[in-house]
Structure formats: C-alpha cells, structure tokens
Amino acid sequence: MPKKVLKNISEIRRYFHTNKDPIYFVSATNFNLLGLDEWVMNFTYICYMDCFDGRHPNVFVPSEMPHDEFQSIEDINNYLLQHKEVIDLVKRRGGKPKFVFLMFDETTEKLVKELGGQLWFPKAKLRTKCDNKIETVRIGNKAGVPSVPNTLSVVKSYDHLKKICDKAGLGNDLVLQSAFGDSGHTTFFIKSEADFNKHKDEIIGEGEIKIMKRIDCRGAAIEACATSEGTIVGPLMTELVGFKELTPYRGGWCGNEIFSTAFPPKAREQARQLTFQFGEELRKSGYRGYFELDFLIDKKTDELWLGELNPRITGASSMTNHAAFAHADAPLFLFHLLEFSKKPFELDVEELNARWADPDMIDSWSQMVIKHTDDSVDRITQAPQSGIYKMLEDGRVVFDRFDYHRRAVGENEAFFLRISNVGDYRYEGADLGILVTRGRSMTKGFKLTDKSKKWIHGITSAYTAEPLPAAQPMEDPAFKIM
C-alpha cells in the first residue's frame, strides 16, 4: 500500500505534531533550534550546558564526566553521544531515534549508528566539502551567484600576494579568508606588509586562500532549505558585525535583525532569487536540507555579492524559525526534518516562497550575541539566569521572570539565554549569552542604538568574576559554540 502523500502545510504540521520516533538535537546548547520542540512531538535537546538550570522540560543535560579538552563543537557532541546517561536515555525512550546537530563529523556518524539512530543531515564528507569557503565561490559561480571580485590562490609571502593581486586587478586593500573557520578568526584585513605579518602564520601554509578586493559593505544573512520539491527561502536579515560592545573580533558576527524593510525591495528580491539559485545548485551536488548564505551589499553601488555558505543551521536559525511566517505556516527547519523523514510530500515551493516574501509575514526582532570583550581571564562567580528581563525608566536592567519562550517578551523587555555560568572561565571572546528583543538593535545607519548599549551593559554588569591564581594559566578555546 503506497504511503500517504502530504499535500499541504496543515498536513505537514499535523504529521510532526503526531510524530512518534524520538528526534534529538545534540549540541552545546539548544539555542539554534530553540522552540522547535513545540512543533515536533518527541523532540528532545541533549546539551552540554544547562542554560535553563533544569527548568526546560525538553532539555537533557548529563552530569559532567572526565573528558579531553574540547577543541571543537564536534568534540562536545561526540562526548555527549558516548555519555552513559545519554546512551541510557536513548535506549530507554526506544523507537527509531533520529539525530540532528549544529556541527558533526565522521566520528559523530559512527556514534549515531552505534546508538541505532539515523543522522538527519547530508553526510559529513559532503557537508565539509560545501563548507569550504573556496568551494563556496565555485558553487556560486556555477549557480550564477557572484562573489566579491576575488582570486583563489596559495599565498607564500607578502610579495607573492602582491603579484597575485596585480595579476587579478584586485588592488592593495584586501580581505583574505582561509578555507574553514569562524569569520571572526579567519578573516584578515590586509592593506600593508605590517598587516600581513600580523597574520602570516594563519595564511602561509594554509592551502588555497580566498583573496578579495575590499569593499565598503553591509552584511546580510538568509537561510533556506533544499528539498526534493525545490529550495524554500527564508527572509533576508541584517547582520551585526564587529561591534566592540559585543565582540573582540573585527569582522566577527555578533547578532541579527529581522524586519520587513531591512533592505530595499530590489535587494530583498535579488537575495531571495540568488539563494534559490544557489540551493538548486546544491541539490545537483546531492546536498539536501538546511543552509545559510551570507551576502555582502556594497554601500556605494548596492551590488549584492555572495559572502559565504554555512551548510547547516546557524546562529541566525533561531531568528528564521521564530518569524511571523514560521508561526503562520511552519518553521523552516520543519521542512528539513520532512525532507529527511522520507515521508512523501508535495509542495508548491514557488507559492510558498512568494508568500514568505510578503512583508506582512515578517515581524521585527533582534538578537545580540554578547561575548566577553576584555583581554582578560577570570572565573565567573555570579551569572544572570535565563529568562525575561525588563529595562526600567532609568535604563537599569533587572530580571523579571523565568521563561524559555522568547516570544513572551513585551515592550521594554528582553529574553536572555545564558551561555556562561558560575564556575566557567571568562576569557576574551567567551560567549556570555544571547539577548533577544522585539524591534531593532541598530539605527538606520547600522550603529548600535543607545537602548541596545544599555541592554548590553545591564547584562554584562550582572556577571561578576574572580581572578585566577597566578599559577593557573589558561589557553582560550578557539572555536564557537553556536
């Protein structure tokens, strides 16, 4: 007997509301897919960090056990999958378990298989290939999605770099990116030999480097999902980048805004079309599921350029999956789960994309990712709890009530998800937490608003810490967790 085909959004929603097999999101925190458990029956978060102090009904945090120092989020996930308490949980709940991740590798794939589960993402090998910033340029070229004028080359020295740029006509004001890594750590602004020498150890010997002409641009992000029915495209979001109040990394991502008039209609439509084209090219390569594109918009010409591809959920996914259109239809990530469920479905992707492009389907939200920006290391002795905070008339920020629903915030309120807790090290670049507010966090000129600065000050002031003993040096982790 043939399987019933899901033919509309209502049937897709009902399918997940009655889902029987356990689905697990395994990550350091549940931030990226916050709220998805309310759309999918039997959806559980397995996390390393307890952001909600045991008060979230669908977050499972195993007790700490000895482990090697984590070098990546993949290490965290592999630790969790081998933890006895996690193994016991999965076996106790039974069914045919499915697993989704922010980041994973081939070891993760093996561990999921040992648990009798399925990993609902493309193979790690394909994902890693697509994640390569050099490969992104090539995929974009095939799809007709142009990158900032660039050339791809091994770089042997500053003189060698100058010769490469002279040949490519890129000038001397450059942005260099290595193939992998967080943009805050692996993007280098080079205008002189002195600039080059600061980063030469991270450039020379790193294989092909993406060498770009530097443009005065504004960052934008857009998420999409490549399905068997076509590529479903979310809204274009602004990016908060490099604000010294939020991050110590020049060029480092530190948040997003989503609002209907974020960009002129022409730019929004072009970004959506280019994302669709890119998704269709990914489908040709065998890639299916969620992905995100960063675009760079030239402030002088309004030209739209491809920045990079993240073949996965991202730090912006919480924004996409909580927008008004997601509540009217379904979160974008639900279509990712649908694609990997093998459940037959029919979807008018063109009609859905057109509906999601309607400004009335987008409400205004902002998130700021707050890092420790001082060049110091200490240990946290007091940390603000996750929940709803209120800004008083005098600008002070106070805790109002516990909640894990970010849409519960009202006027002059914000939802804070704590990352760093009491006992954790606070070092330059450490993620303290994520602050979500209604409305914008930036001015029309794309600077932080005074109110945003007050929110940031209020949250960071709620942290206290003690210095480390002189004999206790600590090396800063070099990876992000969201």
Side-chain angles (χ1 to χ4, degrees), residues 71-75 103 105 127-141 145-219 239 241-244 247-254 292-296 298 305-312 314-315 371 373 375 427-430 475-481:
Q71 300 297 321
S72 66
I73 197 165
E74 290 91 337
D75 286 350
M103 304 290 280
D105 56 21
R127 205 188 66 80
T128 300
K129 180 183 177 185
C130 294
D131 203 23
N132 183 323
K133 292 181 177 66
I134 311 302
E135 184 66 18
T136 298
V137 174
R138 295 184 173 124
I139 296 171
N141 290 342
V145 183
S147 297
V148 174
N150 71 89
T151 189
L152 308 174
S153 176
V154 169
V155 177
K156 298 176 182 177
S157 65
Y158 182 66
D159 286 339
H160 183 221
L161 176 64
K162 286 205 300 182
K163 289 176 183 177
I164 294 167
C165 293
D166 287 345
K167 186 176 180 181
L170 297 177
N172 297 315
D173 197 356
L174 308 167
V175 180
L176 273 60
Q177 278 189 325
S178 51
F180 295 102
D182 176 20
S183 62
H185 296 275
T186 57
T187 299
F188 312 111
F189 299 89
I190 308 296
K191 204 171 183 178
S192 66
E193 187 167 7
D195 292 337
F196 181 85
N197 287 336
K198 287 179 192 172
H199 305 290
K200 65 180 181 181
D201 292 341
E202 298 161 283
I203 296 170
I204 297 171
E206 289 298 313
E208 270 189 311
I209 299 289
K210 181 180 177 183
I211 305 164
M212 295 173 280
K213 176 183 178 181
R214 187 174 178 184
I215 61 171
D216 185 13
C217 62
R218 191 161 63 242
E239 286 192 324
V241 176
F243 288 119
K244 67 182 188 312
T247 178
Y249 306 119
R250 183 183 180 188
W253 168 80
C254 51
E292 183 260 356
L293 294 180
D294 288 342
F295 283 105
L296 304 173
D298 193 308
W305 303 102
L306 173 64
E308 63 181 64
L309 160 70
N310 287 301
R312 53 183 169 85
T314 70
K371 295 181 185 289
T373 57
D375 184 9
Y427 51 87
E428 186 180 32
E475 188 173 329
D476 297 353
F479 64 94
K480 63 179 181 179
I481 61 166

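Remark: T373 engages P248 in a side chain to side chain contact (heavy atoms under 4.5 Å, CB included) (not counting sequence neighbours). Partners of D75 by side chain to side chain contact (heavy atoms under 4.5 Å, CB included), not counting sequence neighbours, listed by chain and number: F70, Q71, S72. Contacts of D216 classified as salt bridge (Lys or Arg N to Asp or Glu O under 4.0 Å), with partners at least two apart in sequence or in another chain: K299. Residues forming a side chain to side chain donor-acceptor pair (under 3.5 Å) with N150 (at least two apart in sequence, or on another chain): none. Taking T314 as the reference, E223 meet the side chain to side chain donor-acceptor pair (under 3.5 Å) condition, with sequence neighbours excluded. In terms of the salt bridge (Lys or Arg N to Asp or Glu O under 4.0 Å) criterion, residue partners of R138 (sequence neighbours excluded) are, by chain and number, E208. For the side chain to side chain contact (heavy atoms under 4.5 Å, CB included) test, residues two or more places apart in sequence or in another chain that qualify with V241 are E239. Legend: residues meeting side chain to side chain contact (heavy atoms under 4.5 Å, CB included) with K191, ordered by chain and number and at least two apart, are D173, D195.
With a 4.5 Å cut-off on side-chain heavy atoms, W305 and C217 do not count as touching. Using a 4.5 Å heavy-atom threshold, the side chains of I139 and V137 count as separate. Side-chain contact between L170 and T151 is present, with heavy atoms from C-beta onward closer than 4.5 Å. Two residues are said to be in side-chain contact when any heavy atoms from C-beta on lie closer than 4.5 Å; S178 and I203 fail this criterion. Side-chain contact between T128 and N132 is absent, with no heavy atoms from C-beta onward closer than 4.5 Å.
Put simply, OG on S153 and CD1 on I211 are 5.0 Å apart, with the number rounded to the nearest 0.5 Å. Distance check, rounded to the nearest 0.5 Å: NZ of K198 to CD of E193 gives 13.0 Å. Separating the CG atom in L176 from the CD atom in E206 is a distance of 12.0 Å, to the nearest 0.5 Å. The CZ atom of F188 sits 12.5 Å away from the CZ atom of R250 when rounded to the nearest 0.5 Å. Here the CG atom belonging to N172 is positioned 10.0 Å from the OG atom belonging to S192, to the nearest 0.5 angstrom. Separation of atoms CG (D294) and CG (L309) is listed at 9.0 Å; rounding is to 0.5 Å.
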* Run the numbers on R214 and L174 for side-chain contact (heavy atoms from CB on, under 4.5 Å), then give the verdict. => CA-CA 5 Å; R214 187 174 178 184; L174 308 167; 5.8 Å; no
* Output, in order, the C-alpha distance, side-chain angles, deciding distance and verdict of side-chain contact (heavy atoms from CB on, under 4.5 Å) for I190 and V175. => CA-CA 6 Å; I190 308 296; V175 180; over 6 Å; no
* **Verdict with reasoning, L293 to L306, per side-chain contact (heavy atoms from CB on, under 4.5 Å)** => CA-CA 7 Å; L293 294 180; L306 173 64; 4.0 Å; yes
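A donor-acceptor pair under 3.5 Å is absent between the side-chain atoms of N310 and the main chain of R312, judged by distance alone.
Of all non-hydrogen atoms in P311 and D131, the two that sit nearest each other are CD-OD1, 3.2 Å.
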Show me the donor-acceptor pairs within less than 3.5 Å that the side chains of residues 155-168 make with the rest of the protein, sequence neighbours left out.
unit_1	atom_1	unit_2	atom_2	d
S157	OG	H160	N	3.1
H160	ND1	K156	N	2.9

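Checking each of E308, K133, Q177 against T187 for a side chain to side chain donor-acceptor pair (under 3.5 Å) leaves exactly one that passes, namely Q177.
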